[in-house]
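These notes concern the structure reproduced below.
Naming: A, B, ... by sequence-line order, numbering from 1 per chain. Every heavy atom of this structure was used, including side-chain atoms; hydrogens, water molecules and symmetry mates were not.
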Amino acid sequence: MAAVVHSGTVVAAVSEAAEAAGVRAGMGWGDARARCPALLAAPRDREREAEVMRIAARLVERYGPWVAPGADDLLIDVAGTAHLFGGERAMLEDCRRVFAERGWSARAAVAGGADAARGLARFAGADLTIGAPDTVRALPVEALRLDDESAARLRRIGLRRIGDLASRSRTALAERFGERLIQRLDRMLEASGSGSEPLGAGPPRPALRVGWEGTDPLLEPASVEALCATLLEKLCVRLRQGDLGAWKMVLVLRFDAPGAAPRRIEVRAGRGLRDPGRWLDLFRERPEAFDPGSGVIRLDLAAGAAEPFDPAAGSDREGLWERLSARLGSRNVVRFRPAARHRPEAASEAEPVLARASPPSHAGAAGPSLRSRLAAPFGPRSSADRCGLPPPRSASRLLRPFAAKAGEMDGTASEGSAWMRGTAAGGGNPRPLRLLARPEPVGVETAPGDPLEPPAVLRGRGGRPVRLPSARGPERIVPEWWCEREGESEDGGAPAGRDYWWVETEEGARLWLYRDLHPGPARWFLHGFFP
Amino acid sequence: MKRAREELRARIGALEGGRRLARASVDGGEIDRWLGGGLARGRVHAVTGPGATAFVSMLCIRLRGPILWCVVEGGPFSPLHPPGFAALGLDPYRLVMARAANETAALGAAETGLREPGLAAVVVETAGGVRSVHGRRLQLAAESGEGLGFVLFAGVGEMGWAESGWEAAPVPARGGALRWRWTLRRVRRTRPHEWLVEWNDAASALRVASPVGDGVPGSIGSG
C-alpha cells in the first residue's frame with residue numbers, strides 16, 4: 001500500500017490498494033493516514049515522473065504521427081490510424097497492454113476532440129472509453145478543467161454534468177461564469193478536431209547506422225578496435241539524441257581479399273543500452289570481432305531494436321548475462337520455462353536470457369475512423385488530480401516474455417515463478433534432476449506374480465544384473481491426443497504412452513525407468529537420474 | 001573442549017588476518033559446525049559422485065539470487081531436467097544455464113560469473129575435475145566477487161586446489177526419506193569427515209541422520 005506525498009502534506013498519487021482503502025489523491029496526509037493506518041508514503045520524485053512521461057510519449061508514437069505530452073497525460077492524434085490496429089477499441093486495448101507490460105496502469109479514451117478525450121480518460125471511470133456524444137455529456141463539470149470555485153458554484157446550482165450545461169442558455173452561462181466556460185464547453189462538445197490546439201511533432205528519429213570505408217586496409221586488431229570504438233561513440237550520440245537505447249548491435253567487417261565473405265558479428269543487451277564502452281566490451285567478448293583477417297576495408301555498425309531509453313532499466317546483473325551471451329552466443333545462455341506438454345523431454349523449454357518480446361503484429365482492416373484524438377493519462381487509478389507514480393525500478397524485466405515479477409528471480413518472492421505453482425513440477429510425482437538426452441534401452445525383469453509388474457532386476461549395457469529392492473509407480477504418461485504421432489515408436493508403430501517407475505538399486509542409485517506401452521514384447525528404457 | 005577449540009580457531013583466523021568469510025549454511029547443524037559455519041563463500045568447492053547435482057541444488061535452495069550453471073555440450077553429464085529441481089524445492093527460474101562448446105569456455109564462463117556479486121552460486125560441470133591452474137583461476141575469481149563456486153566432476157579428480165572437496169553418493173532410502181553419504185575428502189582448516197544426510201521433503205531441508213559412529217553425533221566415521 002503506497003501513496004506519493006507531495007510537498008510533505010498532500011497526497012499526490014495513490015496505489016490501487018490504497019485507493020481501495022479509501023485514500024484519494026489531493027487528501028491531506030493526516031486524513032489519508034486516518035483512513036488507512038498501514039499507509040506508506042514516498043516522497044514525490046518529479047524527475048522520475050518526467051522521465052516516465054518521456055518514455056511513455058515514445059511508446060505511444062506507434063498510434064499516431066503526433067504526440068503531445070502533458071504533465072500527466074499524452075494526447076495523440078490518431079486520425080486515420082485506428083484501422084491499423086483493428087479499430088479504436090483494439091487500439092486502446094493494445095495501448096493498455098503496452099503500458100501493462102511495463103507494470104504501469106493507464107486509462108485511455110478516444111474522442112472527436114482533444115478536450116473530450118482528456119475528459120473521458122480522466123472522468124469516465126473506465127479504463128478504456130470510446131467517446132460518443134452521450135458519454136461526453138455524462139461527464140462531470142470538472143472535466144472542463146475549471147477552477148475549483150467555478151466547479152463548486154456550478155454544482156451548487158444543480159449543474160453537475162456537461163449535458164446539464166449544454167442545455168442551458170449560453171448567454172446566461174457566459175454572464176455568470178465567463179466566456180471561457182463557453183469556449184471550453186464548445187471544445188468539449190465539438191465533433192471534429194477543428195478548434196483544438198494543434199499537436200506538435202517530436203524530434204525526428206536519427207539513422208542508427210554508421211560506417212567507414214577506407215582505401216588502405218586496416219591490418220592491426222588494435223586499429224579495428226579503435227575504429228569500432230569511434231564509430232560506436234558516434235552511434236551512441238545519435239541514440240542519445242533520439243532518447244533511445246539499443247538492444248542489439250551488429251558489426252559487419254568487409255575484407256580486402258577478393259571473394260572474402262563479410263563477417264557479421266551481432267551482440268545483444270538485456271536492456272536498451274547507449275553506452276559506447278559497454279557495447280565495445282560486448283564486442284571484446286568475441287575474439288573474431290577485431291580480427292583484421294586479410295585487411296578490413298569497410299566496417300559498418302548498426303544499432304537494432306532501438307527503444308525509448310530508460311536509465312532505470314536492467315539490474316546490475318544484466319551485464320553478466322550480456323557478456324556471457326556475447327561470448328557463448330545468446331542461444332546458449334538460457335533460462336527454463338515450463339511447457340504444457342506431457343512428455344518429460346518436452347516439459348521445459350530453454351529460452352535465451354536476453355530474449356525479448358517480439359513486436360505485436362497489427363492486423364486488421366476496419367475502416368478509418370472519424371474520431372481523431374486519443375488521450376491516455378496514466379499512473380495510479382485515482383480521481384481528478386493524478387500524477388504518474390514512479391514505476392517499479394525493475395520495470396524493464398517485465399518487457400521480457402515469461403519474465404518473473406521482481407524478486408521472483410532472486411528467490412525472494414514468496415510464491416515463486418510459474419514453476420512452483422500448478423503441476424509444472426510433476427504434480428507431486430517424482431521428477432529426476434537429470435534426464436538422458438536419449439532414453440537408453442535397458443533390460444528389465446519384472447517382479448513375478450505382481451499384477452502391476454514392477455521392475456525387479458535391471459540389466460544395463462554392462463550386463464551385470466542389478467537388483468531393484470524398491471520401485472514406485474507406475475505413473476502413466478501419454479502423449480497429448482492432438483499430437484499422438486509423437487508417441488509413435490521409431491519403427492512407425494501405433495502411438496504409445498509410457499509407464500514410468502521410480503526405482504532404487506541396492507547401492508542406492510535412484511533411477512527413472514519406463515516401459516513403452518507398445519503392443520508386443522515389453523521394452524524398457526532408462527530415462528533419468530533422481531537426487 | 002569444544003569451546004576451547006572454537007576459540008582457538010577464532011584466534012587462528014584473526015592471526016591469519018583474513019577477513020571473515022561469509023558462509024553458506026549446509027544443514028543448519030552439525031555439518032555447519034564442522035565447517036565453521038557452512039561452506040565458505042568467495043571460494044570454490046569440488047563435488048563428485050552420483051549425488052553431486054543433488055548436493056549443489058539442495059544447498060542453493062536457501063541461498064538468494066540466480067544460479068549460473070555452466071555446462072559443456074556433449075559432456076559426461078546428462079542434461080538438467082528443470083521439473084526435478086522444482087520438485088526438490090529449487091525454483092528452476094533461478095537457473096541460468098550457459099552452454100559452452102568445450103571445457104575451457106565453460107570454465108571461462110564460470111570465472112566471469114564468480115566475479116559477479118549477487119549470484120547464489122556458480123556451478124561448472126567438468127569431465128575429470130580441473131587442473132590446479134584452472135582451479136586457482138576460479139578461486140581468484142571467487143575471491144574477488146564473493147561468489148560461491150562448485151566444480152562438478154564425473155570421475156575422480158584432483159581437488160587439492162579447492163576450498164573443500166566432497167563426494168556425494170546416494171544411500172538406499174528403502175521407501176523412506178532420501179539419503180546420501182557425504183564424504184568431505186578435503187577441507188582447509190579442519191579435518192575430513194563423513195555424514196549420512198537425509199532430506200526432509202516437507203521442509204525442503206537437510207539434516208544429519210542416524211546418530212552412530214565415533215562420538216560425534218550423526219557421524220559415521222571420520223577419515
Supply the atom-to-atom distance [X] [atom1] to [Y] [atom2], rounded to the nearest 0.5 angstrom.
X        : Y        : atom1 : atom2 : result
A:Leu328 : B:Glu73  : CG    : CD    : 9.5 Å
A:Arg327 : B:Thr112 : CZ    : OG1   : 3.5 Å
B:Arg94  : A:Arg335 : CZ    : CZ    : 11.5 Å

Is there a side-chain contact between [X] and [Y] in this structure, where contact means two heavy atoms from C-beta onward sitting under 4.5 Å apart?
X        : Y        : result
A:Pro531 : B:Trp180 : yes
A:Leu324 : B:Leu68  : yes
B:Pro66  : A:Trp321 : yes

Winner by heavy-atom pair count (cut-off under 4.5 Å) against chain A, out of B:Pro170, B:Ala98, B:Cys70, B:Ala54: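 Looking at each of B:Pro170, B:Ala98, B:Cys70, B:Ala54 in turn, B:Pro170 comes out on top.
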Tell me, out of A:Gly329, A:Ser325, A:Ser470, A:Pro432, who's got the most heavy-atom pairs with chain B below 4.5 Å. A:Pro432
Scan side-chain atoms only and decide if A:Arg434 and B:Thr53 contain a donor-acceptor pair under the 3.5 Å cut-off. yes
Are A:Glu504 and B:Arg179 close enough for a salt bridge, meaning some N to O gap below 4.0 Å? no
Whether over 12 other heavy atoms sit under 6.0 Å from B:Arg136 CZ: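 Open.
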For B:Arg137, does the CZ atom have more than 12 heavy-atom neighbours from other residues, nucleotides or ligands under 6.0 Å away?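 Count not over threshold, so no.
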Set of residues satisfying side chain to side chain donor-acceptor pair (under 3.5 Å) with respect to A:Tyr514, sequence neighbours excluded: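 None.
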Contact part of B:Ala173 toward chain A, heavy-atom cut-off under 4.5 Å: side chain, backbone, both or neither? both
What part of B:Ile61 gets closer than 4.5 Å to chain A, counting heavy atoms only: side chain, backbone, both or neither?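 It is neither, since no heavy atom gets under 4.5 Å.
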Give the interface residues of residues 75-82 of chain B toward chain A, defined by a heavy-atom separation under 4.5 Å. B:Phe77, B:Ser78, B:Pro79, B:Leu80, B:His81, B:Pro82
Kindly give the heavy-atom pair with the smallest separation between A:Thr505 and B:Pro172, and that separation in Å.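 Heavy atoms of A:Thr505 and B:Pro172 come nearest at O-CG, 4.4 Å.
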Exercise: identify the closest heavy-atom pair between B:Pro92 and A:Phe336: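 For B:Pro92 and A:Phe336, the tightest heavy-atom pair comes out as O-CD1, 4.4 Å.
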Using a 6.0 Å distance limit plus a 45 degree cone around the ring axis, check whether A:Arg510 lies over the aromatic ring of B:Trp199.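 The answer is no, since A:Arg510 fails at least one limit relative to B:Trp199.
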With only heavy atoms counted, which part of A:Phe530 is less than 4.5 Å from chain B, the side chain, the backbone, both or neither?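 Neither part.
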